[in-house]
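Contents: one structure, followed by commentary.
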Amino acid sequence: MDLFTLDPGLVIWTWISFGILFFILWKFVFPPLMENLKNREKTIAKSIDDAAAIERRLEEIEAERGELLKKTNSEADEMLLQTRSDAEELKKRLLEKAEKEAEEVLVQARRKAEAEREALLRALQDDLADFVCDASEKVIGSVFITEKEREFTRELVKEL
Amino acid sequence: MNLKRLYLLFLIVILSSLTVSAVFSEEASTSESPDVSGTLFEHVLDGNTLELFPFVPEITLPHGITMHRLMLVLSVLLITGFYSAWIKRGDLKPKTRTILLESLVIFVRDDIVYPIMGEERGAKWLPFFTTMFLFLSVLNLLGLIPALKTATGNINVTTAMAIVVLLLTFIAGFKGLGFVHFFKNLFPEGTPLGIGIFVMLLELLSLFTKSMVLSLRLFANMFAGHLAILSFLVLIFVITPFFGFISVPFSVFTYTLEVLVGLLQAFVFTLLSCIFIMMASTPEGE
């Protein structure tokens, strides 16, 4: 067989093969294939749009979150400041109250001590006057000191 | 790792050269005088014997079936088989194999048909050009499989394809422009009648030559490529078996190149067919 031998049979075989292949592909393969491609392109385009929308929404949510976080932070700061100032005030008030109470207790104690001291002094003076009178009676012997003299002695002791 | 690869390559080269020389020696011993070009052409030209493995008796094909005819049938079976099996309607999440098949169609659509014909017109022509691209690619690549032959290395096959393109060029031209306008379209405007008719005849002739060139280009590329691979291997037999160390790497390189050339020629054939059909059916100046 030569390189350039004319072979009409092979030409016809080529046409028939090509024709059959074209018919099968055109009739049975292309419709589903093109439909798949179209559907897939549509789906991909929709997915890309959806993804873009989701991204946009995400950005919005992110911005909202940031704003909310900022607001919450400032509120928390404010609350903290308020609490701190309240606590300071409370502390101050309590301190003042405690100081006042302590002072009152001190004054009362002082007053009580004074009164007790007065009472004690008075009792001591009475006792001392009685003692002086009793001692004088014993020195003098039988001479009794009158109530008037006893009172006078007491006055003297008080003046000491 | 690299040393292992080198060793493997070395082994492949030695084994291939030994096998090749053994095959050729056997063939030479059967004939009285070694006919190198005869042996070469026997492997490329059409025949009715199928030699699957060396040293195994060849299979004689039934009457009327030749290797190139068998390749035509095989390519139709392969393409329809793979496409019918792997393309399923409503497949929104395709597997890699389906994507591979689809990508060939998308390639023809986006790189050949739509840029030349536009979307509306291209959609009608897409099945035809895709079939042409797939048919030619498979025919070109089948020849690279040992024991098989390249049907596109036969001028009858490529001419048959070119005749299809030529006929479609005329049909599309008559349909798109009308019978009279088709020939009027070949007449350059504003030229004297004599020159115009001459140019028109030349243009008409060019329609035929373009198709013939289309056929010859594909045939020559495929034929020469396969012959180049074999020529390198034949040198082992002609010169010395040790020439395998040079021949085998060279033929492997040419083989790799042929894969590219096979796809490229199918692409070129389809692209030019598309351009010719579009040119013939579009009014001049558009």
Side-chain angles (χ1 to χ4, degrees), chain A residues 1-70, chain B residues 41-42 44-48 64-66 68-84 86-94 98-99 101-102 105-106 109 123 126-128 130-132 134-136 138-139 151-161 163-164 219 223:
Chain A
M1 191 163 276
D2 200 16
L3 190 60
F4 292 103
T5 312
L6 190 67
D7 185 358
L10 191 59
V11 173
I12 292 165
W13 271 72
T14 310
W15 285 340
I16 291 171
S17 313
F18 185 69
I20 291 170
L21 182 65
F22 172 66
F23 179 75
I24 294 172
L25 289 188
W26 171 67
K27 194 82 184 163
F28 303 109
V29 174
F30 258 84
L33 194 144
M34 295 317 282
E35 193 188 298
N36 284 357
L37 285 181
K38 203 186 258 178
N39 284 345
R40 208 172 308 141
E41 274 165 16
K42 254 188 225 166
T43 314
I44 290 169
K46 194 177 167 289
S47 303
I48 290 170
D49 286 347
D50 285 355
I54 288 168
E55 208 168 315
R56 261 201 310 278
R57 181 79 193 108
L58 201 70
E59 271 170 23
E60 276 173 21
I61 289 170
E62 194 71 25
E64 273 172 25
R65 195 182 72 100
E67 220 164 274
L68 204 69
L69 205 70
K70 215 187 274 177
Chain B
F41 276 77
E42 197 189 304
V44 181
L45 292 180
D46 202 2
N48 61 351
I65 307 274
T66 62
H68 285 171
R69 288 175 188 183
L70 191 68
M71 291 304 108
L72 291 171
V73 175
L74 192 62
S75 72
V76 173
L77 289 178
L78 281 174
I79 298 168
T80 50
F82 281 124
Y83 272 88
S84 320
W86 290 349
I87 303 286
K88 296 269 181 289
R89 198 181 281 271
D91 189 5
L92 274 178
K93 275 163 74 182
T98 314
I99 292 171
L101 294 185
E102 282 177 355
V105 179
I106 293 170
R109 185 188 72 178
L126 185 62
F128 172 75
T130 311
T131 311
M132 181 180 268
L134 292 173
F135 188 55
L136 293 177
V138 172
L139 282 179
T152 38
N154 189 320
I155 196 158
N156 291 293
V157 175
T158 55
T159 308
M161 291 304 291
I163 289 170
V164 172
F219 157 69
F223 183 78

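Atoms considered below: every heavy atom in the structure, side chains included; atoms not considered: hydrogens, waters and symmetry mates. Within every chain, numbering begins at 1; the chains are lettered A, B, ... in the order of the sequence lines, protein sequences first and strands thereafter.
Below 30°, between 30° and 60°, or above 60°: for A:Phe18 and B:Phe128 the angle between ring planes is above 60°, a perpendicular geometry.
In this structure, the side chain of B:Ser75 does not engage the main chain of B:Phe135 through any donor-acceptor pair within 3.5 Å. With B:Asn156 contributing its side chain and A:Asp7 its backbone, the two residues share a donor-acceptor pair below 3.5 Å. In terms of modelled atom types and a separation under 3.5 Å, the side chain of B:Tyr83 and the main chain of B:Leu101 share a donor-acceptor contact. At distances below 3.5 Å, not a single donor-acceptor pair connects side-chain atoms of B:Arg109 with backbone N or O atoms of B:Leu126.
For B:Val105, the part sitting under 4.5 Å from any heavy atom of chain A is the side chain, from C-beta outward, and nothing else. Using a 4.5 Å cut-off between heavy atoms, B:Lys93 makes no contact with chain A at all. Contact annotation for A:Ile24: only side-chain heavy atoms (C-beta onward) come within less than 4.5 Å of a heavy atom of chain B. Residue contact with chain B, scored on non-hydrogen atoms closer than 4.5 Å, is absent for A:Phe28. Using a 4.5 Å cut-off between heavy atoms, B:Ile65 contacts chain A through its side chain alone, with no backbone atom that close. Both the backbone and the side chain of A:Leu33 come within contact range of chain B, each with at least one heavy atom under 4.5 Å from a heavy atom of that chain. When heavy atoms are compared at a cutoff of 4.5 Å, A:Leu10 approaches chain B by way of both its backbone and its side chain.
For A:Lys38 and A:Glu35, the salt-bridge test fails: no basic side-chain N is under 4.0 Å from an acidic carboxylate O.
With chain A as the partner, the residue from B:Ser84, B:Ala151, B:Gly153, B:Gly90 showing the most heavy-atom pairs under 4.5 Å is B:Gly90.
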